[in-house]
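Since the model is a prediction, treat every value here as computed from it, not as a measurement. Along the sequence shown, residues are numbered consecutively beginning with 1. We use all heavy atoms of the structure for the numbers below, so side chains are in, but hydrogens, waters and symmetry mates are not.
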Amino acid sequence: MEIGNKLRSRRTELGLSRIELAEQIHVTASSIANYENGISYPKPDTLIALILALKIDANYLYQDYLTNNKINEYFGHELSPDEQEALFKYRRLSESGKQNVRQTIDEEYSKSTSKDWVEFPCAFPGMRRINSGFLFPEEHKRIRFRKKYSLPGMEYCLQIQIDRYEPVFKKYDIVALNHKPAKHNEIGLFRLNNVYYLRIMHNANDIRRLRSLNANDTDVDIRPEDNFECLGTILGRIYGTYELISCKEDKEKEL
């Protein structure tokens, strides 16, 4: 008997509708129908959930598959001793524990199959100062996103925390920077007397000025006696989905 027929037979035996079974394992009723009709096969974590919900032994589903190598075709190999032990432990978890395991599996599987992800340091402005200036907290993070969204020459990122840079940047935008000093009319990250600014570098007629990105803030002149440094040029926005990783968490994992 094929796996679909076995699933249907056991579901019927337990008096479960497709909707009821689907709700138990967090899939749609149409997915259950596809499994039973042989249109598609459940993913490994869904298959485990089916085994538990239907209260059957794995061999009940696998025995026919093992004879015609379908399990090898689907998984690429038979279950190793470690995989069997993981399945054994999974079956003895609470429902919330099983859900956490499935979520972790999905996250790790997504990472392992997405080889085009990149990571960069990411800074977050902290306490605000006058004219949209800000300080930086001691703790920074790393940002992880798909390589196709990275910009040539970028070396680190900054997340916008206020709406004072519109229409150029919006609140919570992620911007990419390099460590090169911003030139005339380029947007950069600057440190002026220990306060940080995100502004346009204006350098003409021996006058250096940090021009605001909006009309609400006044421009800031750079005097010869000021402690001034450009920390990098903004290359543009980062698009797509991203993941923020705490550097503190990474250090704890290393320990």
- Item | Shared hydrophobic cluster, Phe120 / Ile238 (ILVMFWY, side-chain heavy atoms < 4.5 Å) | yes
- Query: So how far is it from Met127 CE to Phe134 CZ, rounded to the nearest 0.5 Å?
  - Reply: 13.5 Å
- Note on the structure: Separation between CD (Gln99) and OG1 (Thr104), nearest 0.5 Å, reads 10.5 Å
Just list the side-chain donor-acceptor pairs under 3.5 Å for residues 222-232, sequence neighbours left out, or say none.
from, atom 1, to, atom 2, distance (Å)
Arg223, NE, Asp226, OD1, 3.2
Arg223, NE, Asp226, OD2, 3.3
Arg223, NH2, Asp226, OD1, 2.9
Asp226, OD1, Asn193, ND2, 3.1
Asp226, OD2, Arg223, N, 2.7
Glu229, OE1, Arg191, NH2, 2.1

- Sequence neighbours excluded - ring pair (Phe, Tyr, Trp, His ring centres under 6.0 Å) pairs with any residue from residues 8-35: none
- Query: Please walk me through it: do Tyr242 and Arg144 pass side-chain contact (heavy atoms from CB on, under 4.5 Å)?
  - Reply: CA-CA 5 Å; Tyr242 60 86; Arg144 184 174 183 269; over 6 Å; no
- Which atoms form the tightest heavy-atom contact between Ala182 and Gly188, and what is the distance? CB-CA, 4.1 Å
- Item | ILVMFWY network linking Leu189 to Leu235, side-chain heavy atoms under 4.5 angstrom | no
- Which pair of heavy atoms, one from Ile32 and one from Ala22, lies closest together, and at what distance? CG1-CB, 3.9 Å
- Item | Nearest non-hydrogen partners of Ala123 and Phe136, listed with the distance | CB-CE2, 3.6 Å
- Are any of the side-chain heavy atoms of Asn5 and Glu36 separated by less than 4.5 Å? no
- Item | same_hphob_cluster(Leu151, Tyr165) at 4.5 Å side-chain heavy-atom cutoff | no
- Distance (rounded to the nearest 0.5 Å) between Cys157 SG and Ile174 CD1: 6.5 Å
- Item | Residue pair Arg208, Asp221: steps toward the side-chain contact (heavy atoms from CB on, under 4.5 Å) verdict | CA-CA 6 Å; Arg208 294 190 300 171; Asp221 289 338; over 6 Å; no
- With the threshold set at 4.0 Å, does a side-chain nitrogen-carboxylate oxygen contact exist between Glu186 and Lys183? no
- Note on the structure: In short, Leu198 meets Leu158 closest at the heavy-atom pair CD1-CD2, 3.9 Å
- Grab the two heavy atoms, one from Pro125 and one from Gln159, that are nearest each other, plus how far apart they are. CD-O, 3.1 Å
- Query: How about Ser212 and Asp219: does a side-chain donor come under 3.5 Å of a side-chain acceptor?
  - Reply: no
- Task: List the steps, then state whether side-chain contact (heavy atoms from CB on, under 4.5 Å) holds for Lys43 with Asp106.
- Result: CA-CA 10 Å; Lys43 296 188 298 183; Asp106 286 341; 4.0 Å; yes
- Measure the spacing between CD1 of Ile51 and CG of Leu47 and express it to the nearest 0.5 Å. 4.5 Å
- Quick one: do Leu21 and Leu54 satisfy side-chain contact (heavy atoms from CB on, under 4.5 Å)? Show the steps, please. CA-CA 8 Å; Leu21 178 57; Leu54 296 175; 4.0 Å; yes
- Query: Would you say the side chain of Glu166 lies within less than 4.5 Å of the side chain of Lys171, judging by non-hydrogen atoms?
  - Reply: no
- Item | Heavy-atom neighbours of Ile19 CD1 exceed 12 at 6.0 Å | no
- Within a strict 4.5 Å, meaning less than it, do heavy atoms of the Glu20 and Ser17 side chains meet? yes
- Does atom NZ of Lys180 have more than 12 heavy-atom neighbours, drawn from other residues, nucleotides or ligands, at distances under 6.0 Å? no
- Message: Is there a path of hydrophobic side-chain contacts, each under 4.5 Å between heavy atoms, that joins Ile200 and Ile160?
- Response: yes
- Task: Give, for atom OG1 of Thr46 and atom CZ of Arg102, the distance between the pair rounded to the nearest 0.5 Å.
- Result: 8.0 Å
- Report yes or no: does His184 contribute a side-chain atom to a donor-acceptor pair with the main-chain N or O of His202 at less than 3.5 Å? no
- Determine, for Phe124 and Lys141, whether the Lys NZ or Arg CZ falls below 6.0 Å from the six-membered ring centre while staying within 45 degrees of the axis. yes
- Please tell me if the side chains of Leu213 and Phe169 come closer than 4.5 Å, counting only heavy atoms from C-beta onward. yes
- Query: Atom CD1 in Ile56, atom CG in Leu50: separation rounded to 0.5 Å?
  - Reply: 7.5 Å
- Hey, any chance Met201 and Leu192 share a hydrophobic cluster, counting ILVMFWY side chains that come within less than 4.5 Å of each other, even indirectly? yes
- Arg199 and Arg211: which non-hydrogen atoms are nearest, and at how many Å? CB-O, 3.2 Å
- Message: The test is side chain to side chain donor-acceptor pair (under 3.5 Å); show your working for Ser9 and Thr12 and say whether it passes.
- Response: CA-CA 5 Å; Ser9 176; Thr12 304; over 6 Å; no
- Between Arg8 and Asn37, a side-chain donor and acceptor under 3.5 Å: yes
- Would you call Arg142 and Glu243 a salt bridge, taking side-chain N to carboxylate O under 4.0 Å as the test? no
- Pairwise side-chain contact, Tyr156 with Ile143, heavy-atom cut-off 4.5 Å (strictly under): no
- Non-hydrogen side-chain atoms of Thr233 and Ile187 separated by less than 4.5 Å: no
- Query: Is there side-chain contact between Asp173 and Lys170, with at least one heavy-atom pair below 4.5 Å?
  - Reply: yes
- Can you find a pair of side-chain heavy atoms, one from Thr218 and one from Asn131, that are under 4.5 Å apart? yes
